[in-house]
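Note that ligands are numbered from 1 as they come in the structure, with each ligand's atoms numbered from 1 the same way.
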Amino acid sequence: MKVAIIMGSDSDLPIMEPAIKTLAEFGIGCKVVVASAHRTPDKVHQFVADAAGQGFNVIIAAAGAAAHLPGVVASFTLLPVIGVPINSTSLGGLDALLSIVQMPSGIPVATMAINGAKNAAIFAAQIIASGNSELAKRLTLYRQTMAAEVEAKAEKVEAKLLEKSKE
Ligand code: RP5
């Protein structure tokens, strides 16, 4: 199982690092490609057209500004494409969000929140897990751990407030 992360610029890398880390934590292979829909369109086409043949299960495409990369990537493949809008301009990522989320009917891109790299990796894992019970178990454990952490924090807050109410 492996995921390709395509980003429009090397400047997107710091935002996408949580996705790389999260995929590794779930034991999913990951290849990072820097390729731009506007600046290096041939490279985008070359990589994506062969991505299914190369064994990739999902593509995460991240871009900022007039972020056409995820949509262009989706047009070249039947693999599910997850788009991550990057906050890299004075519009705070809203430009990228609208560019990615408003795909015309027929070529969908699953759009994450602005800078939502971690969720992109988790969503990719969930897609792969539909055919991989071992990965599904890891995702279930991840959710259980997360719930336990939230519960521990809630108990802490509640205990603190109770203490305060007694003062
Ligand atoms: C987009 O333009 C990239 O995805 C990046 O978020 C933004 C700025 O790119 P650089 O000018 O930093 O290369 O294509």
Listing, residues 108-135 side-chain donor-acceptor contacts under 3.5 Å, not counting sequence neighbours, or none:
residue: Thr111; atom: OG1; partner: Val109; partner atom: O; Å: 3.3
residue: Asn115; atom: OD1; partner: Asn87; partner atom: N; Å: 3.0
residue: Gln126; atom: OE1; partner: Arg143; partner atom: NH2; Å: 3.1
residue: Ser130; atom: OG; partner: Ile127; partner atom: O; Å: 2.8
residue: Asn132; atom: OD1; partner: Glu134; partner atom: N; Å: 3.1
residue: Asn132; atom: OD1; partner: Leu135; partner atom: N; Å: 2.9

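- Counting only heavy atoms from C-beta outward, the side chains of Glu25 and Tyr142 never approach each other to under 4.5 Å.
- Hydrophobic clustering, with ILVMFWY side chains joined whenever heavy atoms are under 4.5 angstrom apart, keeps Leu141 apart from Ile28.
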Distances under 3.5 Å, N/O of ligand 1 against N/O of the protein: list each pair and its distance.
residue: ligand 1; atom: 4 (O); partner: Asp12; partner atom: OD2; Å: 2.6
residue: ligand 1; atom: 4 (O); partner: Gly64; partner atom: N; Å: 3.0
residue: ligand 1; atom: 6 (O); partner: Asp12; partner atom: OD1; Å: 2.6
residue: ligand 1; atom: 6 (O); partner: Gly64; partner atom: N; Å: 3.1
residue: ligand 1; atom: 6 (O); partner: Ser88; partner atom: OG; Å: 2.9
residue: ligand 1; atom: 11 (O); partner: Arg39; partner atom: NH2; Å: 3.1
residue: ligand 1; atom: 12 (O); partner: Ser11; partner atom: OG; Å: 2.7
residue: ligand 1; atom: 13 (O); partner: Ser9; partner atom: OG; Å: 2.7
residue: ligand 1; atom: 13 (O); partner: Arg39; partner atom: NH1; Å: 2.8

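- Using a cut-off of 4.0 Å between Lys/Arg side-chain N and Asp/Glu carboxylate O, Lys166 and Glu163 are scored as salt-bridged.
- Taken together through direct or relayed side-chain contacts under 4.5 Å among Ile, Leu, Val, Met, Phe, Trp and Tyr, Val3 and Ile6 form parts of separate hydrophobic clusters.
- For the pair Arg138 and Met1, the tightest heavy-atom approach, listed with the atom from each and the gap, is NH1-CE, 3.9 Å.
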